[in-house]
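Worksheet: the structure to be examined is printed underneath.
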Protein chains: 2
Amino acid sequence: MNDYLSLDQQLCFAVYETSSEFNKLYTKALEPFNLTYPQYLVLLALRENDGLAQKEIGEKVRLGTGTLNPMITRMTANGWVTKERSTGDSRSVVISLTEKAKNSKRDIALAIKEAIERCGIQSNEYFELMKLLGSVRDKMKKSRMEQA
Amino acid sequence: MNDYLSLDQQLCFAVYETSSEFNKLYTKALEPFNLTYPQYLVLLALRENDGLAQKEIGEKVRLGTGTLNPMITRMTANGWVTKERSTGDSRSVVISLTEKAKNSKRDIALAIKEAIERCGIQSNEYFELMKLLGSVRDKMKKSRMEQA
DNA sequence: TGAATATATATCGTGTACGATTTAATTTTA
DNA sequence: TAAAATTAAATCGTACACGATATATATTCA
């Protein structure tokens with residue numbers, strides 16, 4: 001029981017610190033493009049499937065309307081995406097990549113790839129970590145869903 | 001190279017999602033105590049070493065003054081810590097746990113322990129994940145420091 | 001000692017995050 | 001079909017998170 005009480009030994013803190021490091025790495029790599037880290041995640045989601053509704057983007061990047069709405073407004077102002085009411089269901093809004101967003105795909109990916117490689121993270125630990133994180137994340141999510 | 005371009009395959013996103021799940025778990029477990037997750041991390045830091053300066057807390061929980069200052073002000077208002085200018089060096093501020101904070105230690109730890117156990121995270125994956133996260137975090141931090 | 005430098009907080013601006021409420025449009029159903 | 005329920009965005013309030021600047025106190029050293 002006492003094992004849980006020390007700051008250094010808490011898994012939450014290890015996740016929190018690593019998340020913070022990723023945030024800093026991406027912030028720095030994306031700065032020249034005038035993009036933030038969560039904004040970049042939205043671009044990635046749209047690259048997998050352009051023209052999503054805001055709600056669908058939210059499901060992909062796990063963000064609610066209170067976060068996404070102002071964020072996408074900013075991305076629109078910065079010329080990364082466009083926003084228009086769906087013709088089919090005019091409650092929903094369709095978000096699409098601009099030409100600028102499509103054209104800068106390679107440059108952005110390269111900047112991030114370089115930043116990641118500079119850290120010297122090994123391929124095997126990359127995938128092992130992904131696997132473990134996925135497992136823990138799913139358990140936590142499942143447990144959270146069951147409570148509601 | 002193309003491996004890096006999909007959202008699902010990005011380590012950053014796995015960390016981000018897991019961090020978000022921890023945040024939600026702790027938020028829920030700490031809600032009855034009127035404590036947020038980062039505030040709880042500050043309490044943990046003070047339990048390891050009470051009477052730290054704000055700067056020292058910042059080093060432990062990796063937060064800057066722009067975040068910590070208002071946070072600790074809120075924690076003072078909520079009766080978790082006290083704040084007073086150091087007698088030795090009146091630039092620095094000494095943060096100490098209140099009786100309330102000391103007395104609720106067990107109750108809070110129990111609430112979190114229960115929430116974690118409900119998820120069914122195995123002990124071996126807990127420690128394996130800690131190890132991998134620590135390794136990646138250190139590499140990222142080292143790389144970040146070298147750039148400056 | 002007095003000016004330059006360093007240090008610890010405090011403050012400010014921007015951008016997430018999230019729960020709760022509001023508004024507008026669509027679907028369900030009585 | 002009209003009222004009720006649902007849904008998608010938008011808005012609001014609170015709380016991080018961080019870089020930059022300001023302020024007050026200490027320290028250094030010419």
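In the text below, chain A, chain B and the rest are named by the order of the sequence lines, each starting its count at 1. Predicted model, so just to flag it, every value in this text is computed and none were measured.
If you check every strand for non-hydrogen atoms under 4.0 Å, B:T27 touches nothing. Within 4.0 Å (heavy atoms only), A:L68 reaches no atom of the nucleic acid at all. Across all strands shown, A:S92 has heavy atoms under 4.0 Å from sugar-phosphate atoms exclusively, and none from any base.
If you check D:dC18, C:dC18, C:dA17 against the side chain of A:S20, the one that comes closest is D:dC18. Distance from the side chain of B:R74 is smallest for D:dA15 among the nucleotides C:dC18, D:dA15, D:dA9. In this structure, of C:dA10, C:dT16, D:dC16, it is D:dC16 that holds the atom nearest to the side chain of B:Q39. Of the candidate nucleotides D:dA9, D:dA17, C:dT7, D:dA9 has the atom lying nearest to any side-chain atom of A:N69. Across D:dC16, C:dT26, C:dT9, the shortest atom-to-atom separation from the side chain of A:S90 is found for C:dT26.
Not a single donor-acceptor pair, N or O on each side, falls under 3.5 Å between the base of D:dA15 and the side chain of B:T36. Remark: the A:T65 side chain and the D:dA8 base include no donor-acceptor N/O pair separated by less than 3.5 Å. For a distance-only test at 3.5 Å, the side chain of B:R91 fails to qualify as a donor-acceptor partner of the base of C:dT9.
Atoms OH (A:Y37) and P (C:dT16) sit 13 Å apart, rounded to a whole Å.
Between B:Y26 and B:Y40, the ring planes are tilted. Angles from 30° to 60° get that label.
Taking for each of A:G66 and A:D89 the nucleotide of DNA chain C with the nearest heavy atom, the 5'-most of the two is the partner of A:G66.
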